[in-house]
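Accompanying notes for the structure given below.
Owing to the predicted nature of the structure, the values given are computational and were not obtained by experimental measurement. Atoms considered below: every heavy atom in the structure, side chains included; atoms not considered: hydrogens, waters and symmetry mates.
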Amino acid sequence: ENTEGYMGATETLLATAVLGMLYPLLCGQPLTIMGATGPIAAYIIALRSLGNAMGVKFLPLYAWSGVFLSGFLFLSAMFSLSNAIRKVTRFTEELFSVLVSVIFIYQALNYFVTLFTNTGEVLHGEAKAGLMVGLLTFFTAISIRGSRNGSLFNQWVRNRMADFAPVIAIGMGLALAWALIGHYGIEKVDMDFLAISEDGIAATTLGTDVRPWFVDLGDISGAGIGLSFVGGLFGFIVMYFDQNITVRLVNARDHKLKKGYGYDMDMMALAICTLLLSLVGCPWMVSATVPSLNHCRSLCFFGNEAGEEEDSEEEKRKQEEKSAATLANIRKLMDESTPGLMEEGGAMGGSNAPGMKTLRRANSHSDLVKEVHQYASGALEMMSLPTGTGITGCLEQRVSPFLVHLLILISLIVARKALAGIPMAVLRGLFLYNGWSNLAGNEFWERIWLIITDSKKYPNKTYVKVENLWKVHVWTLIQVVLLVVINVIMTSPAGFIFPIIIGLLHPLRLVLARTGYW
């Protein structure tokens, strides 16, 4: 809708399928899943609005911007600019992650609200049915995703159900939608469906006569090419953060990955893919955060799923050294704290031993237990000892991401009618799920609610243990203001410049650090 059909479902799905198969064969981190993310889509829409305002045709402007963008990605790979992402702190990483969630959630909620406000084109029955289908999809996915740590079935079954939570939710949404259509009739429940071209996989959404596959690069002026250079530069900023932050989350220590990083290979593969996508006028693709994390987590082993493996002698020796150091520190803590627990009247057993000097209490029993527990917990985390349903390993390979996108391509060839039968309400419910699930574990999101949280119910996080908690609230307020500013600019006529704000997040964090308050 925002590109007037020049980039429809056909172009997006075909680009996702083809480039999604190419990318894992070239990149350094193949566990990520390619897709047109919220920030990328928002920037493409802003680029189109700029082109209309400047009198430049959208597709040539977009194609030339992609050519320059590919050049910037190539230079980034050659000069290892991706290494700078390691300097980015959680201030930028968490704010950008929440921005992605806000875009997903806003798009979903805006769709459902429009169903009820656009009474001239949408029937009341369609609006209610769409809302029911969307909410069922959302709550089904959320419930099944949270069953991993439940009590039903065994751990293997719960893990597999959680891995396929979105798929199960889509199936439930489709079943409800078509059940309503079958009961009330298509006239009363005329829902909005996914727009797929009926002329075969070689046809574009508007038809090849109106919108050919290859963009005419000569249908643009010199000023338009100059504008494309700026468009490619700003697009590089968005893609740089979107790509590298997602890969950084997939490479997190919690996933227990064994192979090294390949950020430069990722950027080189992305440069090739972006160039191809630009020449055919398809949406730019990056590693999508939510699908990538879901894919990585589905390949992880939980608990004892990976089986018991015999540790090598070197690993046993290192673990023994860590264990000995941990016990020595806990013993030292106990030896230093135990005399202080002796108080007049016999706190350690009712009476003092003969000849023992009565000492003043230095710490309470509860304080000692808390200190020992805190130290032991930190030691266990340092030693990466998995417990319960924690991740114990990950199956790292390139086959599954290739097959995921191959199945998309096959569905476009043999199941176009089935795809055209998917209600948009199901997809918007899935958007809502993607946005909400992406907020899990985000400390910025947790700190937003901290000010209205009971102090006795604070999470066991380091940010609630600071001496001046008001600094945490001010810090969170700064991030909220920046998030609002980015969203306001993104939806304004000046939306083209919102990548500048994203690029300034880390420098702003460094400036705040120099003030001495943080």
[X] and [Y] aromatic centres sub-6.0 Å:
X	Y	answer
F236	W284	no
F234	Y43	no
W436	F104	no

Q. Tell me, do C296 and H255 make a side-chain contact under 4.5 Å, heavy atoms counted?
A. yes

Q: Answer yes or no: is there a side-chain heavy-atom contact under 4.5 Å between L115 and L131?
A: no

Q | Donor-acceptor side-chain pairing of T32 and H295 below 3.5 angstrom | A | no

Q) Among side-chain atoms of S97 and N438, is any donor-acceptor pair under 3.5 angstrom? A) yes

Looking at [X] and [Y], would you say the former's side chain and the latter's main chain have a donor-acceptor pair under 3.5 Å?
X	Y	answer
S492	I489	yes
T114	N110	yes
R398	P24	yes
K256	C300	no

Q: Flag yes if more than 12 heavy atoms outside I451 fall under 6.0 Å of its CD1 atom; otherwise flag no.
A: no

Minimum-distance pair of heavy atoms, taken over all atoms of [X] and [Y]:
X	Y	result
Y240	A84	OH-CB, 3.5 Å
N487	V102	OD1-CG1, 3.5 Å
M268	M78	CE-SD, 3.9 Å
I408	A17	CG2-CB, 3.8 Å
M424	L194	SD-CA, 3.9 Å
M490	L99	CE-CD1, 3.9 Å

Q) Could R428 and Y111 be counted as a cation-pi pair, given that NZ or CZ must be under 6.0 Å from the ring centre and within 45° of the axis? A) yes

Q: Run the numbers on E396 and K258 for salt bridge (charged side-chain N to carboxylate O under 4.0 Å, His left out), then give the verdict.
A: CA-CA 8 Å; E396 300 178 65; K258 293 184 179 180; over 6 Å; no

**Q.** Criterion salt bridge (charged side-chain N to carboxylate O under 4.0 Å, His left out) on E93 and R509, from CA distance to verdict
**A.** CA-CA 11 Å; E93 182 179 305; R509 169 65 178 86; over 6 Å; no

